[in-house]
Amino acid sequence: MRKLVLATCFGVLIWFRMTPGEKQVSIPRIAARPAQCSTPTAEGNRAIASEEPRVQALGYPDLNEEKLRQQWGVQDYHQMEAEESESPFGKTVSYRFVQEGVPILGMVVRMTQNTSGEFVEEENTYRPIPRVDLDIQDLAERAEIIKTDMDRYQMSDLNTESLVILVRESVSEGELAFSTQAIDSVLNSKPTQLLLRVEDGQLLQKGFLRAEFGH
Amino acid sequence: MLCNRLRHLESIFCALLIVFILSSCSIRLTDCAGGPLANTEKLLQLQQDEFPVGAKAYLVLPNPIDSPKLNLFEFSSSTFRNAQDAVGLPGLSSTASLENKFLKVRQHSRFDSADLLVNPQELSEASVEVKDPKYSQVMAYHAITAISDFVKSLGFSVDQSRPLFVMVRSNLDPEKTESPVGKDINAYYVHNTQQPQLPRYIQLFGDVQYPLGADRDVFWHEFGHLFNESVSASKGLDEATERGAIYAESGALHECLADYLAESASGKGYIGKWTAKNIKEIKPGQPLRWAVSQNDSKNNFSQVGTWNPQTHGNRTYLVGEWCSRVLWEIRQQFQKEDSQTGAFFSDRTIFGAVALLGKNASMSEFRAALLESDTRLHCGLHQQSIRKAFTSKGFAETVAPLTSKLQLQAVPVGFNFSGSQAIPVAANGSAKEILFNIQIKNPNRASARNLRLVIETGDPAVVPITNFQGFGDLGSNATISIVGNNYSALQSSVSLSLDKKHANGRTRIPIVLKVISENGGESRFNLELSL
């Protein structure tokens, strides 16, 4: 009898430890509670995203811009622009930076919300780089020279509207660049995107489109 | 005496087991619901092709070949008209085109003239002919608003920090009205990461017999790319492909998730049967890709994910299709638990995992993220099912470590350009672009998992152009060989440009190429380039 009781207990235990698929149980459809079943942590995220830069996790109960600027040492000539995204695990707020309306590429602060509602830094690549001189007198002339020199590409207009500042990890200051659409005649009219340094037309980055299928 | 004590211990053990079971039961029923869906009603309406809100338009849903009302390819205008369903187009905010604050539908470019665009007052007239670009515009607006609502109801936001322009017969450059119309039959999503001042684009190319714009799957798939970037907060989930990688697991994952969104929202288990009619390589009646397992090689990771120079250019889609089959199997498991809403919970778990991924995510990282997502949303109730979906399709939990280093050889080749010509030159500072002939050998008895070649540099004089290339798994004693001086053929290699401004008087610049795999064997190749 004892053996029967013990065997039943073990049987029930083993049955219960199986996943729902093997048992065909139902998940309750709707419940009025937060989505998190266990506490998400910045560490947990980084364990998966091994290529993400490691930063110290700081808890922010709210996202007061003044306090954040102070905390990160954001320079007066850098404005912050927030983008928000939401998933069942909470909000992610990404701060990007601009200087006098010109977008800065290569610097971002990304904050994710934990179950306590606090925001923690997931990524912070902000650097207090010096102000970049945006007052380029011969911008149109430089644009023409670059277009002629790179006749491989049919570019969109290069003008003040297409300016960006690129921050490279290995360079201590921001570099002013034209950001443009381009059709690449060397690669069968493939649409691409280019970042070209205003000063001398040096190619700094190249981007490609995401196609639905290859054939 | 001893027997009595044993009996007593057994009773305690059994009682503890019962307590454990009951407490586990309590966790499962009260804590593992995964949270509420924002709007279950809306999710169900979408699955049943009911779109009651907004100005009425008329479309054959989801496309002429999958419509239950029209299953012939040779149809007349009257049969096509009779097969149309009324759908609502909510939120229209213009009297001149189909657009709202976020979504702007166009034909060729951002700056199309009014005569090319659908006037919202004439919606019923816009949808008579399937080849009419105005029909595609109506489908674009319907499809994107519907799928946006779908993902919001699952509990996700969509990044609307920039407008989304959809061009249904796009110019190559959608910023220019005079740019040529794209001829290559394809659909593209452009996140414009490098151009924050520009909107996002969905561009459909090809004025063809079976227009891509008449297929809702196409828009749902392309929107899926925007959604992937939204959920991952534009972290660079697949930066590699955006920067020119011919293959990266992250690229396959991006395609997989975009397919899965379209397939799951429509409940079809495949994508692009209508669009596939334009592609001669696809057999008649077959879709672009199947999420439902077929009797083919795409059920096994080693068949699609192992290095093969013949299939390398298409590997992104092969591995993407394999991955969507893994996700479909997970979805089926959730559906077994609840036939009505199980798929929605599955979608939320799967896209929740995307929120946990970092830059250039791999399949292994995605599997780990799925397990984590399930743990957070459902207390890990589906761990075994998730693991099984991967292993049953040939993606092993663990792989044998490599005991010897991978062997890497590299020779730089310089190029200058004149018009459409790429001219090989010496690989030094006078070259506009430097690519590499490479040979990578795996001398081990075990396969190298997820082999990648990267340019490792912190030198300001080195500007990586394509700094990451993936090659898939490399079998025992197999070799990857990308050689020659043909610029197009070397696109599978990494490339860079030298920046004299930051050379600081140096005449030779050190370069390091690194080959890595998930199971070890990492090796470096050092060389120097003259300025």
Side-chain angles (χ1 to χ4, degrees), chain A residues 2 5-6 9 12-13 16 19-21 24-32 34-38 40 44-45 48-49 51-52 83 85-89 92 94 103 110 151-152 156 161 170-171 179 181 183 185-186 189 191 193 195 202-215, chain B residues 10 14 17 21 31-33 35-36 155-157 161 172-173 175 186-190 194-196 221 225 230-231 233 242 244 279 281 288 313-314 317 333 336-338 341 348 352 355-360 365 368-369 375-377 379 381 384-385 417 419-420 422 458 460 463 465 497 499:
Chain A
R2 285 202 326 271
V5 170
L6 273 174
C9 283
V12 170
L13 177 64
F16 196 80
T19 60
Q24 305 284 301
V25 296
S26 296
I27 297 176
R29 286 182 198 166
I30 294 176
Q36 280 80 6
C37 183
S38 62
N45 288 354
I48 294 162
E51 290 183 43
E52 285 293 281
E83 284 171 22
S85 71
E86 194 160 5
S87 80
F89 305 135
T92 298
S94 303
R110 197 166 280 111
D151 64 347
R152 158 186 185 182
S156 293
E161 298 294 306
S170 53
V171 179
S179 170
Q181 302 282 114
I183 310 302
S185 62
V186 173
S189 299
Q193 299 177 336
L195 282 192
Q202 167 74 42
L203 178 64
L204 297 175
Q205 254 183 41
K206 198 166 168 181
F208 295 84
L209 279 60
R210 198 175 289 286
E212 177 159 359
F213 44 87
H215 54 106
Chain B
E10 283 165 7
C14 203
L17 276 179
I21 289 164
D31 293 349
C32 299
F156 296 89
S157 63
S161 59
L172 285 173
D173 183 347
E175 292 296 306
N186 218 323
Y188 294 85
Y189 172 69
V190 189
Q194 293 180 12
Q195 303 189 89
H221 171 94
H225 290 303
S230 298
V231 176
E242 278 194 14
I279 301 168
E281 292 88 347
L288 276 179
N314 204 34
Y317 305 98
Q333 181 54 45
K336 278 184 198 166
E337 294 161 10
D338 188 316
T341 57
R348 191 158 64 165
L356 306 176
L357 292 171
K359 198 170 278 188
N360 290 329
E365 287 167 344
T375 300
R376 292 192 197 181
L377 291 170
C379 296
L381 287 170
Q384 196 172 318
S385 306
F417 306 96
S420 59
V463 179
I465 296 173
S497 166
D499 184 358

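To find a chain, count down the sequence lines: A is the first, B the second, and so on, and within it residues start at 1.
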- Query: Between B:Leu377 and A:Pro88, which heavy-atom pair has the shortest distance, and what is it?
  - Reply: CD2-CB, 4.0 Å

- Portion of A:Ile183 that has a non-hydrogen atom of chain B nearer than 4.5 angstrom: side chain

- Task: Please flag which part of B:Leu172 lies under 4.5 Å from any non-hydrogen atom of chain A: side chain, backbone, both or neither.
- Result: both

- Task: Name the region of A:Ser94, side chain, backbone, both or neither, that has any atom closer than 4.5 Å to a heavy atom of chain B.
- Result: side chain

- Measure from the side-chain N and O atoms of A:Ser87 to the backbone N and O of B:Val231, and report whether any donor-acceptor pair falls under 3.5 Å. no

- Note on the structure: Tightest non-hydrogen contact, residues A:Leu203 and B:Ser497, listed as O-OG, 4.5 Å

- Query: Between A:Ser156, A:Pro191, A:Ala211, A:Gly207, which has the largest tally of heavy atom pairs under 4.5 Å with chain B?
  - Reply: A:Ala211

- Message: Taking every non-hydrogen pair under 4.5 Å, which of B:Ser230, B:Ala233, B:Ala422, B:Gly244 racks up the most with chain A?
- Response: B:Ala233

- Smallest heavy-atom separation, B:Gly419 atom then A:Val186 atom, equals O-CG2, 3.7 Å

- Item | Heavy-atom closest pair, residues B:Pro460 and A:Ser170 | CA-OG, 3.4 Å

- From CD (A:Glu212) to OH (B:Tyr317), nearest 0.5 Å: 8.5 Å

- Message: Which one wins on heavy-atom pair count under 4.5 Å against chain B: A:Glu86, A:Glu161, A:Arg152?
- Response: A:Arg152

- Cut-off 4.5 Å, heavy atoms of chain B, and the answer for A:Gln205 is both

- So, the part of B:Ser161 with a heavy atom under 4.5 Å from chain A: the answer is side chain

- Message: What part of A:Gln193 gets within 4.5 angstrom of chain B, counting heavy atoms only: side chain, backbone, both, or neither?
- Response: both

- Query: If every non-hydrogen atom of B:Asn186 is compared with every non-hydrogen atom of A:Phe213, which pair is closest and at what distance?
  - Reply: ND2-O, 2.6 Å

- Heavy atoms only, distances under 4.5 angstrom: which of B:Asp499, B:Asp173, B:Val190 has the most pairs with chain A? Name it, please. B:Asp499

- Task: Among the options B:His225, B:Gln194, B:Glu242, pick out the one with the most heavy-atom pairs lying under 4.5 Å from chain A.
- Result: B:Gln194

- Item | Heavy-atom closest contact (B:Val463 atom, A:Leu204 atom, distance) | CG1-O, 3.3 Å

- What distance separates A:Lys206 NZ from B:Ile465 CD1, expressed to the nearest 0.5 Å? 6.0 Å

- Note on the structure: Separation between CZ (A:Arg210) and OH (B:Tyr188), nearest 0.5 Å, reads 12.5 Å

- Value for CD (B:Glu175) from CD (A:Gln181), rounded to nearest 0.5 Å, stands at 6.0 Å

- Task: Give, for atom OG of A:Ser179 and atom CD of B:Gln195, the distance between the pair rounded to the nearest 0.5 Å.
- Result: 3.5 Å

